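Here the structure is a predicted model, which is why all the values come from computation and not from measurement. Throughout, numbering of the chain's residues begins at 1 and tracks the sequence.
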Amino acid sequence: MKVLQEKFLSLITKTKSLSCLFDFSGMNLTGHETCRTDVLVIGSGGAGLRAAIEAKQMGLDVVALGKRSKVDVHTALAAGGINAALANVDPKDSWQQHFADTYLEGYGIGDANVIEILAKESPLLVKEIDEWGANFAKLENGKIDQRFFGAHTYRRTCYSGDYTGVSILGALINKANELRIPIHDSQYVTRLLISNGVCLGAMSFNIHDGRRTVYLSDSVVLAAGGHTRIWKKSSSRHLENTGDGFYLGLKAGCKLRDMEMVQFHPTGMVLPEVIEGTLVTEAVRGEGGKLINGCGERFMANYDLERMELSTRDRVAIANYKEITEGRGTPNGGVYLDITHRDKDFIIQKLPRVYQQFLDEQMIDISQEPMEVAPTAHYSMGGLVVTAEDHWTGIEGLYAAGEVAGGLHGANRLGGNSLAEILVFGKRAGKAAAISSKDQRDKTSLSDVIKSAHNEIDIQIKNGNQRPHALQLELRNIMWSNCGVIRDQSKLKDGLNKVNDLKRYFQELQVRNDSNLSKDLVSAFDLKASIISAEATLTSALERKESRGAHQRLDFPSTNQLERVTYFITLNNEDRLVISKNTLPELKKGLENVVKNTTRTKNFVGKLIE
């Protein structure tokens, strides 16, 4: 990570962004500052920044908020690349083929309109971000190079070494600085300000000093990430992907979809505990790495004799999970990933980052010792229900983009699509928010809404006998044990009962009014969002009685075509989650033919990259 951060900082110019001007007049109530802007963007990762840039380029005032430093958001962790059917390397590639690959990899429940837009528009957006400074690898003819990545029919993944997310983020920050867009770090948003069904801003507090700010705006773009941090083993870090974006949306009246669809990467680190779940690239297997259980057996022959370690991501994750849960794991609850049969020079050349990763974190030379790995929660395929064209949430003035929005990935994410998603739909959401913002909205009715937002924070500050961190750890263990890679009715129901217990314990939470107040408040709000997101995931997983893509049921091992549906979750007036089943429309004829003529990729030789 240190190497990535240094690389990232070298990509960013020294331009300073314009600070937001705080207005202490009019609507200002005791206990907060007020910042007024046309468009408010919640989330300073790739989707949020692209939305902010688009709105600013349309002549609007924009402010972006982030919990983490803008140079250390989750986008920076993306390594593999970004997809676009440029056909620079394989002339037969097309947007239609990109559509078919994405739709099929999503097992037929992705939003076809969203997928079509992504496939058509990603080439333009990839070229644009490259011109802004992403500096993708080039062919001798000067065109952007492309390589295989996972289940793509053709080579369509553009890349910047093994730091593509870093390069894209650096280009976006440079552009935001050039446009003088204020980016406020360390802001924890607790509530969207909704009045008469219209979103008019947000309440936040500073995670370091607790200072509260009311952001008033004419429209809002929510780009706050997913919820994979709520599993014990997760590729997400502290203060990211805790489900807070989902909970903000639910409280505002939005719907969630496909919450049961969570992608588990097959190999994450098991030690040290503080970084448990950190990705171990699939390139290790691509370069000959062998998976060995605690009994010394090379076990992939029992799951995919033909492809072995080069099987699909979901198949390898299932195999690793079963070896661990059935008692054949390693002493630290994983399996061994062994590359020691390769020469050290070869490993350092082909796998430089993972080699350094294990030296730094475990003092292990992977050319001499095997790694211990386990599946890790990696990506939320579900999210807020949005319209395909402008990613409108159904709440006037509120849009969503990035991992917080659902629909694109269906039951499984195609590698490299998430970086394309943040650019394509960040731009579309930003444009829609800018157009919406030009309809000036009356904010004189917000007094009671702001008081209620203050009260939501104030009631958390109290004495109690429960600590947020302990409950968060308990929740992560529940989700790993009861809603992991393989699920069944008994475990899911037990998980729901345990989550309901956590709801009761949450009422006894202690948040101290002392020097630790800000830290405790962050933990409390994260915990509540995580509990609700966990309940939504368990509820949806229990309702989907089949195995499809990332959702694997031991008691329903087959795919059921009657379950080619999507499940919606809403929050009712009694603060309870309600689930509903929604049918999916048939594909357009032209796209249906492309899908019928496409065979899902099953040979991954040469496609698992660092």
Side-chain angles (χ1 to χ4, degrees), residues 41-52 64-68 72-80 82-83 102 106 110-111 114-115 118 122 164-165 168-169 172 189 221-231 234-237 239-250 254-265 277 279 376-386 391 393 398-430 526 529-530 533-534 536-537 540 549-550 569:
V41 177
I42 300 171
S44 58
L49 290 182
R50 188 60 189 84
L65 310 180
K67 287 191 294 186
R68 301 177 72 95
D72 191 32
V73 295
H74 194 67
T75 304
L77 300 184
I82 179 170
N83 297 335
T102 301
D111 186 322
V114 173
I115 299 169
L118 177 93
S122 58
T164 307
I168 289 174
L169 187 61
L172 289 170
V189 175
V221 177
L222 187 58
H227 72 318
T228 51
R229 181 67 180 172
I230 70 174
W231 277 264
S234 168
S235 61
S236 295
R237 304 165 299 175
L239 277 183
E240 62 183 20
N241 294 325
T242 56
D244 49 321
F246 296 156
Y247 190 41
L248 285 172
L250 281 175
C254 302
K255 299 175 182 177
L256 292 172
R257 61 173 291 168
D258 305 327
M259 287 297 289
E260 73 277 18
M261 297 302 179
V262 177
Q263 187 176 65
F264 287 85
H265 192 286
L279 290 189
T376 180
H378 183 45
Y379 198 90
S380 305
M381 268 90 72
L384 298 177
V385 175
V386 293
H391 269 39
T393 64
L398 180 60
Y399 304 83
E403 195 171 352
V404 77
L408 173 64
H409 306 290
N412 199 36
R413 179 178 67 97
L414 188 63
N417 270 353
S418 53
L419 285 179
E421 177 185 22
I422 65 176
L423 297 182
V424 170
F425 295 108
K427 176 179 180 176
R428 278 181 167 261
D526 265 353
S530 295
S533 296
T537 302
S540 296
I569 294 282

task: Please name all residues satisfying salt bridge (Lys or Arg N to Asp or Glu O under 4.0 Å) with Arg428, sequence neighbours left out, ordered by chain then number.
output: Glu121

message: Do Val114 and Phe425 make a side-chain contact, defined as non-hydrogen atoms from C-beta onward lying under 4.5 Å apart?
response: yes

message: Under the rule for side-chain hydrogen bond (donor to acceptor under 3.5 Å, both in side chains), what residues qualify as partners of Lys427, not counting sequence neighbours?
response: none

task: Sequence neighbours left out, what passes side-chain hydrogen bond (donor to acceptor under 3.5 Å, both in side chains) with Asp258? Give chain and number order.
output: Thr566

statement: Across all chains, not counting sequence neighbours, the side-chain hydrogen bond (donor to acceptor under 3.5 Å, both in side chains) partners of Asp111 are none

query: From Tyr399 OH over to Thr393 OG1, what is the distance, rounded to the nearest 0.5 angstrom?
result: 8.0 Å

field: Sidechain N-carboxylate O distance under 4.0 Å for Asp526, Arg229
entry: no

query: Can you tell me how far the CG atom of Leu248 sits from the SG atom of Cys254, to the nearest 0.5 Å?
result: 9.5 Å

- request: Would you please name every residue forming a side chain to side chain contact (heavy atoms under 4.5 Å, CB included) with Ala420, sequence neighbours left out?
  value: Ile82, Leu118, Ser122

- request: Using the test side-chain hydrogen bond (donor to acceptor under 3.5 Å, both in side chains), find all partners of Ser418 that sit at least two apart in sequence or belong to another chain.
  value: Arg413

query: Shortest non-hydrogen contact from Ala224 to Gly245?
result: CB-CA, 3.8 Å

- request: For residues Leu256 and Val385, determine if any side-chain heavy atom of one lies less than 4.5 Å from a side-chain heavy atom of the other.
  value: no

task: For the pair Gln263 (side chain) and Met381 (backbone), establish whether a donor and an acceptor sit closer than 3.5 Å, ignoring hydrogens and angles.
output: no

- request: Taking Asn412 for its side chain and Ala550 for its backbone only, find out whether a donor-acceptor pair lies under 3.5 Å.
  value: no

statement: In terms of heavy-atom contacts, Arg257 and Gly406 come closest through CD-C, 4.0 Å

field: Contacts of type salt bridge (Lys or Arg N to Asp or Glu O under 4.0 Å), residue Glu260, not counting sequence neighbours
entry: Arg544

message: Within this structure, what is the CD1-OG distance for the pair Ile230 and Ser380, rounded to the nearest 0.5 Å?
response: 8.0 Å

- request: To the nearest 0.5 Å, tell me how far Asn417 CG sits from His409 NE2.
  value: 6.5 Å

message: Nearest 0.5 Å, please: how far is OG1 in Thr228 from CD in Glu240?
response: 7.5 Å

- line: Across all chains, not counting sequence neighbours, the ring pair (Phe, Tyr, Trp, His ring centres under 6.0 Å) partners of His227 are Trp231, Phe246

task: List for me each residue that meets side chain to side chain contact (heavy atoms under 4.5 Å, CB included) alongside Ser235, sequence neighbours excluded, and say none if there are none.
output: Leu279, Thr376, His378

field: Ala52: partners by side chain to side chain contact (heavy atoms under 4.5 Å, CB included), with sequence neighbours left out
entry: Val41, Val62, Ile181

- line: CD1 of Ile422 to OG1 of Thr75, rounded to nearest 0.5 Å, is 4.5 Å

- prompt: What residues, two or more places apart in sequence or in another chain, satisfy side chain to side chain contact (heavy atoms under 4.5 Å, CB included) together with Leu49?
  reply: Leu169, Leu172, Ile173, Ile183

